[in-house]
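Owing to the predicted nature of the structure, the values given are computational and were not obtained by experimental measurement. Letters A, B, ... mirror the listed sequences (proteins, then strands); counts begin at 1.
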Protein chains: 2
Amino acid sequence: MTERKPRKDAARNRAAVLAAADALFTDCESPEDVTMADVAAAAGVGKGTLFRAFGDRVGLVKALYEARLEPIERAVETGPPPLGPGAEPQRRVSALLDALLCFKLDNRGLALALEATGQDSPYGARHYEHWHALLRTVLEEVPGLGDEEFAAHALLAAVRADLVEHLAGRSGVPRERMRAQLADYTARVLGTAPART
Amino acid sequence: MTERKPRKDAARNRAAVLAAADALFTDCESPEDVTMADVAAAAGVGKGTLFRAFGDRVGLVKALYEARLEPIERAVETGPPPLGPGAEPQRRVSALLDALLCFKLDNRGLALALEATGQDSPYGARHYEHWHALLRTVLEEVPGLGDEEFAAHALLAAVRADLVEHLAGRSGVPRERMRAQLADYTARVLGTAPART
DNA sequence: TTGCAAAGCGGACCGTCGGTCCGTATTGTT
DNA sequence: AACAATACGGACCGACGGTCCGCTTTGCAA
């Protein structure tokens, strides 16, 4: 047992910080201008507390991100098809990417903050490996594909937070149109030809 | 004529900075740890000079990046097919992406620095629009594709600097293998089916 | 050649930000 | 009630991007 239950005030403050940070990242122009001091102040907490609870900026963002992503990961692992297991692989790939796109659309500030987290983001993050491995596995079940490894990376790159932000934010591409575009593109990669004239 | 030819010392210093920065970005672990002060020192120049010549960090990186990219853009615009105009669109798309991939492979530090340039990079950079427009145009000539707009974005995302760095650097994927993977993927998007068993 | 204004130089300086430190306050256990 | 153990929070630090301004260089023109 390396687990030690946290003290009551610690838990309370952690929750306060999480909530405050979430709010700040949600309605900010750019994640860059949410400072750690801002978060601490908004949570009514000292900076020391903030850093002790999350280590550093990256830790905070990751904690937030993972908390938000968790429902989706549950749906992916144990939910009903096509997102959950059991669907035809083509449909599932499509569903996975669509879910990811929607997530980034709904959590723009947060996703941007995570991917803007210096270093070689987002490829250093734990959850990237996770999604990549999953997508790769599902792709392997699609007949007639080689190099699922790279294809998985490339498909994930198509829903990267800053691209999504660029399209949805700067250009004003509406949500449903983006989803349709992504679905179309995915189908092309999968060889599910859209059969155009 | 708003052009005023620069003084001799100004030109010399500008060149010195460019060279020094190029060297520093080329052999650094991460672009983050090349500071402006480092560049100035390496160029044997004061920080004031550095900032006057390039405005800010982004300006410097862009100047470097564009200088390096220029030969490729010339080859694309006026060179021989398949990179230059005239080739069958499928082959040209493939050649364009391959050229971009090789460029990022050869200029990892620089490309990383540019894309790590805060804000909504790389989508704010002039040259991104340029490449996107070009790719889009060529894609339009490929029969049976819808949404060239999005497809162009998605294909460009597959050669983003940090993905390339992740694959070539962290994982040790060799250059030729990456090129093959990209070519394969591109072919799939274009509907040039590789016809596997 | 000399004079002189415009252009350029460079490093001390500034504001901000992520992150640390440590004296003080809170918890919960005996 | 007493006392560890744990957590608090804001003063503090080092680094970095960027600015400022007194001094030097340049090059034109007399």
### Message
Please verify the inter-ring angle class for Tyr123(B) with His153(B); under 30° counts as parallel, over 60° as perpendicular, anything in between as tilted.
### Response
perpendicular
Residue pair Ala37(A)/Gly48(A) against DNA chain C: nearer the 5' end by closest nucleotide is Ala37(A)
Between NZ of Lys8(B) and C1' of dA6(C) the distance, given in whole Å, is 16 Å
Testing dG10(C), dC8(D), dG28(C) for proximity to the side chain of Thr49(B), the answer is dG10(C)
Atom CG of Leu50(B) and atom C1' of dC16(D) are separated, to the nearest Å, by 13 Å
Here the distance between atom P of dC17(C) and atom CG of Leu24(A), to the nearest Å, is 13 Å
I'd like to know if Arg7(B) reaches the base of dA7(C) with its side chain, counting only an N/O donor and acceptor under 3.5 Å. yes
Out of dC9(C), dG19(C), dG9(D), minimum distance to the side chain of Asp56(A) belongs to dG19(C)
Point to revise | Validation row, ring centre Phe103(B) to ring centre Tyr65(B) under 6.0 Å | key: yes
Picking from dT26(D), dT26(C), dG17(D), the nucleotide nearest the side-chain atoms of Arg12(B) would be dT26(D)
From CZ of Arg52(A) across to C1' of dG9(D) the rounded distance in Å is 8 Å
Would you say dG8(C) has OP1 or OP2 under 4.0 Å from some side-chain N or O of Asn13(B)? no
Per nearest nucleotide of DNA chain D, the residue lying toward the 5' end, Thr35(B) or Lys47(A), is Lys47(A)
Taking dC8(D), dG28(C), dT20(C) as options, the one with an atom nearest any side-chain atom of Phe51(A) is dT20(C)
- Message: Main chain of Leu182(B), side chain of Thr186(B): is a donor-acceptor contact present, judged purely on distance under 3.5 Å?
- Response: yes
Phe54(B) atom CZ is separated from dG17(D) atom P, nearest whole Å, by 15 Å
**Ionic contact status for Asp56(B) with Lys62(B), cut-off 4.0 Å** = no
Salt bridge check, Arg136(B) against Glu140(B): does any charged N sit closer than 4.0 Å to a carboxylate O? yes
From CD of Glu32(A) across to C1' of dG18(C) the rounded distance in Å is 13 Å
Met36(B) CE to dT16(C) P, in whole Å, measures 20 Å
